[in-house]
Colleague: 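Here you go, one structure.
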There are 2 protein chains.
Amino acid sequence: MTDPPSTPPPVRQTRQRAAIAAALAECDEFMSAQQLHELLRQRGNPVGLTTVYRSLQALGEAGEVDLLVNDDGETMYRRCSAHHHHHLVCRDCGRTIEIAGPAVENWADAMAAEHGFTDISHTLELFGRCPACSVS
Amino acid sequence: MTDPPSTPPPVRQTRQRAAIAAALAECDEFMSAQQLHELLRQRGNPVGLTTVYRSLQALGEAGEVDLLVNDDGETMYRRCSAHHHHHLVCRDCGRTIEIAGPAVENWADAMAAEHGFTDISHTLELFGRCPACSVS
DNA sequence: ATAGGTGCAAAGCATTTGCAGCAGC
DNA sequence: GCTGCTGCAAATGCTTTGCACCTAT
């Protein structure tokens, strides 16, 4: 059902894909498809919004980018590799702090192994009110 | 700006709110606004979709329900209290296992406090391939 | 030449908002 | 009776899809 060894899907090299890959490579923070689209436009390397969505979706399925959905329902994308970390986001001003949690990574793996699950990945985001927004 | 001691917002008791609160009290899993709306309709206690959204939003701000956004961009709601746990989801068959992680809860709080953040909440989901789907 | 890629415009969905009528207090 | 609550319909915003043209191979 997942296509037999007949039509291996070739991946064609295009200006748009190169631009998207380059942008993702530079910024290793999460970016929405709309932000990425705007960024490419400002750079004078415009790519159709549709293409941005389709490319990011393809990259996601290929496991080359991680994706998560923020509180506004926007899907955020980030190139996979690099250092793996999580985010502490202020729910008022949107300020974001990167945090690393080896303990959590280990816990997640252990918990998954305990239930016989393999090929594990996880999403973890912390939300709160930052010091600046707390003083009000 | 955050309203002075002038107009304390009273909360009015209505059939709709009671129905929503009751439904949330029975099912302590995450539910989308649409699912909740449909559930109430089937029970013969129809509540307008708009009202469901507004009530859930109000409950969220009041801190009486937790909310998260799933991979499809739908906002999910769950009554706050009760046992807090996370999910281990099979990316192939969708089977879901509930897992509790006191260690993670503590880690999250500590990490947030370290950066001066308050009013913390977090979302954590594990994805993998379950034993049944691994044999293939 | 041909299949895959691109992008405009339109469709889909979940959610929000305007507004007129209804119901707690 | 006043004010908040309700819910229909319309609007909004992100994302997906239809379709005709373009281009890397």
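Residue numbers begin at 1 in each chain, while the letters A, B, ... track the order of the sequences. Remember, predicted model here, so these are calculated numbers, not experimental data.
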Colleague: Are any of the side-chain heavy atoms of B:Ile99 and A:Trp107 separated by less than 4.5 Å?
Modeller: yes
Colleague: Are any of B:Gln16's side-chain N or O atoms less than 4.0 Å away from OP1 or OP2 of D:dT6?
Modeller: yes
Colleague: Could you state the CD-C1' distance from B:Gln13 to D:dC5, rounded to the nearest angstrom?
Modeller: 12 Å
Colleague: Step by step, would you call A:Gln16 with A:Thr51 a side chain to side chain donor-acceptor pair (under 3.5 Å)?
Modeller: CA-CA 8 Å; A:Gln16 291 86 338; A:Thr51 301; 5.9 Å; no
Colleague: Whether the A:Glu38 and A:Gln34 side chains hold a donor-acceptor pair (N or O, under 3.5 Å, no angle test) is what I'd like checked.
Modeller: no
Colleague: What nucleotide, of C:dG24, C:dT6, C:dG7, holds the atom closest to the side chain of A:Thr50?
Modeller: C:dG7
Colleague: When the distance from CG of A:Leu36 to P of C:dG7 is rounded to whole Å, what number comes out?
Modeller: 13 Å
Colleague: Is the shortest side-chain N/O distance from B:Arg54 to OP1 or OP2 of D:dC5 below 4.0 Å?
Modeller: no
Colleague: Output yes when at least one side-chain N/O atom of B:Thr14 is less than 4.0 Å from OP1 or OP2 of D:dC5, else no.
Modeller: no
Colleague: Does B:Val52 or B:Arg12 map to a spot on DNA chain D nearer the 5' end, using the closest nucleotide for each?
Modeller: B:Arg12
Colleague: Does OP1 or OP2 of C:dT6 have a side-chain N or O of A:Arg17 closer than 4.0 Å?
Modeller: yes
Colleague: Specify the separation, in whole Å, of atom CG of A:Leu49 and atom P of C:dT6.
Modeller: 13 Å
Colleague: Rounding to a whole Å, what distance do you find between A:Glu61:CD and D:dT16:C1'?
Modeller: 13 Å
Colleague: Just verifying a value: how many Å separate B:Arg17 CZ and B:Arg12 CZ, rounded to the nearest 0.5 Å?
Modeller: 9.0 Å
Colleague: Please check the phosphate of C:dT16 (OP1 and OP2 only) for any side-chain N or O of B:Gln57 closer than 4.0 Å.
Modeller: yes
Colleague: Measure the distance from OH on B:Tyr53 to P on D:dA9 and round it to the nearest whole Å.
Modeller: 17 Å
Colleague: Look at all strands and tell whether B:Thr75 reaches a base, only sugar-phosphate, or nothing, counting heavy atoms closer than 4.0 Å.
Modeller: sugar-phosphate
Colleague: Round to the nearest Å and state the distance from B:Glu38 atom CD to C:dT15 atom P.
Modeller: 15 Å
Colleague: For B:Gln35 and C:dA14, give me the distance from atom CD to atom P, rounded to whole Å.
Modeller: 11 Å
Colleague: Check the distance between D:dC14's P and A:Leu67's CG and give it to me in whole angstrom.
Modeller: 17 Å
Colleague: Using heavy-atom distances to pick each residue's nearest nucleotide on DNA chain C, tell me which of B:Met76 and A:Val47 is more 5'.
Modeller: A:Val47
Colleague: With heavy-atom distances below 4.5 Å as the criterion, would you say the side chains of A:Gln57 and A:Glu61 are in contact?
Modeller: yes
